[in-house]
2 protein chains.
Amino acid sequence: MPETTPELIAAVGDRLTPTDRRIAEAVLSEPTLLAFGTVSDLADHVGTSRPSIMRFANKLGFGGYSDLQSHVRRGLSQRLSRPSDRIRDHGGVGSNVQVALEGAIGGVVEAAGGERLGVLAEPLVSAQDIWIVSGETSQAGAHALASGLTMVRPGVHFVEEHSMGRDLGSAGSEDAAVVFDFFRYRRHSVRTARTLARLGVSIVAITDGPLSPLASLTDRWCALTVPAIGPFDSSVPAVAMAELLVAEVARQLHDEATERIDRTEDLWAATGTYLV
Amino acid sequence: MPETTPELIAAVGDRLTPTDRRIAEAVLSEPTLLAFGTVSDLADHVGTSRPSIMRFANKLGFGGYSDLQSHVRRGLSQRLSRPSDRIRDHGGVGSNVQVALEGAIGGVVEAAGGERLGVLAEPLVSAQDIWIVSGETSQAGAHALASGLTMVRPGVHFVEEHSMGRDLGSAGSEDAAVVFDFFRYRRHSVRTARTLARLGVSIVAITDGPLSPLASLTDRWCALTVPAIGPFDSSVPAVAMAELLVAEVARQLHDEATERIDRTEDLWAATGTYLV
DNA sequence: AACTACCTGTAACTAGATGTACACCGGAAC
DNA sequence: GTTCCGGTGTACATCTAGTTACAGGTAGTT
């Protein structure tokens, strides 16, 4: 039994009338026509009548146009499902920690793909000061970001819950903030993010999906999938994303960043911080 | 102007009613529902009525469901017509990073494999107090361990460099210490670890190989491979190992840990720490 | 305790979809 | 020349889609 559209057409290719053939060419060159279009759309596009489309569907072995369309859509659904989902489908879900973590890493890379990483990092390059806010399962990510960013640029501040008021006194529209938080969003981090947004600070949100309260604050957000390790949520994705952000900022600030790193290295050497 | 479905939803995420939210979750987890499905399909799938779907579409800024569906279909058509772009996306940004991180995860799982995780975690189960020490690239791991262990047992202390003397005053042979450090071992962490070892504290070392100065202090050590992300070393392996340790301790302390977690949850609920 | 505002679902309407019956047209065979 | 037949378009019936109007219920407020 043939599956894809070209296979279906090829199977009856020798029994097609001229009009059938024009229809076939159209659906082959524009796959979405069959998936999305109505009988009328197709007929207009090909320059024929609706019943011809019907007969075409019948000739391919379907009871009607609806059946043909359903078949095509099922095929597309598989292609459209995201790679990470496919991994999840194949591997056992939570049983294997390695599969879960590698899936999460894949999700991070996907979320940072294309131009996305640059978009997320942009405010961190140009901002005067940077404020970092985090919830519970994301603290490790926030720490990694704070420590990494401090290595490549000045003005990085970690906003502690107890000293929030004092810390944010000087925040303004020249600044940027990175907010980490995931499901069971911590009230404090969301409130802080809202406050910062109201002050005109550019918000970069690392969170778990578009339904997150953080995602509605800014266009610069990304969604990570958070696997569970034992009873707790993993902070591995948050940390990985933080490190990607640091790497991107370092890349863009290249000269300034290397100078700053060198200075830090000199300081470490002078104070004998490291053994080697 | 937002383009993709998640972006559309995020833009109005804070103005969604409970039913809207269920709809959003459905269309996010099953992207083809919006592209292919009818209003009735969606309503049935979510367990709501057709008008609610309509209001959802309106809230997203469309005149009706048809407009929303057209928008989604346009987006999908682009993805379908240019598969080469998607390949480039996955290859360009992070295939190297992805391979490196997944390799590191594999190393962590291997290092914790067999009985090894139990051996490493054993002192953390029975110790009276736990001291956590870390170097530079491992701080995120140390933080993750400290925060996770605190959730499942008492007496967990993060040893800060500046307050080391005071912190360690009460350390003794009933205690355990987890030391994170990797190449270019930080003088402070190594010295602290030696001091603790001399006090009779059981040392658990998370480091990078048998040649590490930490590995010579104890039999309970494990070696992780640390990949580079941009100019810096990744703390992802350290974080992953920390989380495995927490999970193992939680498993062994099952009753005590659940009780403690419950108490913490109650406290969070009472103080309204979380949004949900 | 009453009120208000806002979700939410039921029911009705309209438009456009699919599918079918039928008529037309061209060419080939008797 | 007439007849048959596959291919095609027209017209119609039916059904389901999207949409809108309205009423019931609920939560929060005064």
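We name chains A, B, ... by the order of the sequence lines, and we start the count at 1 in each one. These figures come from a predicted structure and were not determined experimentally.
- In this structure, Arg55(B) atom CZ and dT8(C) atom P are separated by 8 Å, rounded to whole Å.
- Rounded to an integer number of Å, the gap from CZ of Phe56(B) to P of dT8(C) is 12 Å.
- The backbone N or O of Leu145(A) sits nowhere less than 3.5 Å from a side-chain atom of Glu243(A) that would complete a donor-acceptor pair.
- Aromatic ring pairs are classed by plane angle as parallel below 30°, tilted from 30° to 60° and perpendicular above 60°; the pair Phe36(B) and Phe36(A) is tilted.
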Base versus backbone protein contacts along nucleotides 11-18 of chain C [heavy-atom cut-off under 4.0 Å; B, S, -]: BB----SB

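- Panel note: side chain Thr32(A), backbone Ala35(A); no donor-acceptor pair is recorded below 3.5 Å.
- Between Glu25(A) and Arg21(A), none of the side-chain N atoms (NZ, or NE/NH1/NH2) sits under 4.0 Å from a carboxylate O, so this pair counts as no salt bridge.
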Criterion side-chain hydrogen bond (donor to acceptor under 3.5 Å, both in side chains) on Thr192(A) and His188(A), from CA distance to verdict: CA-CA 6 Å; Thr192(A) 308; His188(A) 156 256; 3.3 Å; yes

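- Looking at Arg184(A) and Glu265(B), a side-chain N of the basic residue comes within less than 4.0 Å of a carboxylate O on the acidic one, giving a salt bridge.
- In the region residues 16-30 of chain A, proximity to DNA chain C at under 4.0 angstrom, judged on heavy atoms, holds for none of the residues.
- Rounded to whole Å, atom C1' of dA17(D) lies 13 Å from atom CG of Asp44(B).
- Checked by atom type and distance alone, the side chain of Asp175(A) pairs as donor or acceptor with a backbone atom of Asp129(A) at under 3.5 Å.
- Separating the CD1 atom of Ile53(A) from the P atom of dT10(D) is a distance of 14 Å, rounded to the nearest angstrom.
- The nearest whole Å value for the distance from the CG atom in Leu68(B) to the P atom in dG18(D) is 11 Å.
- Of the possible polar contacts, one joining the Arg22(A) side chain to the Gly47(A) backbone as a donor-acceptor pair under 3.5 Å is found.
- A close approach under 4.0 Å does occur between a side-chain nitrogen or oxygen of Ser52(A) and OP1 or OP2 of dG9(D).
- Defined by atom type and a distance below 3.5 Å, a donor-acceptor pair is missing between the side-chain atoms of Ser70(A) and Asp67(A).
- The side chain of Thr48(B) contributes no N or O atom lying less than 4.0 Å from OP1 or OP2 of dT8(C).
- Nucleotide dA17(D) holds its P atom 18 Å from the CG atom of Asp67(B), rounded to whole Å.
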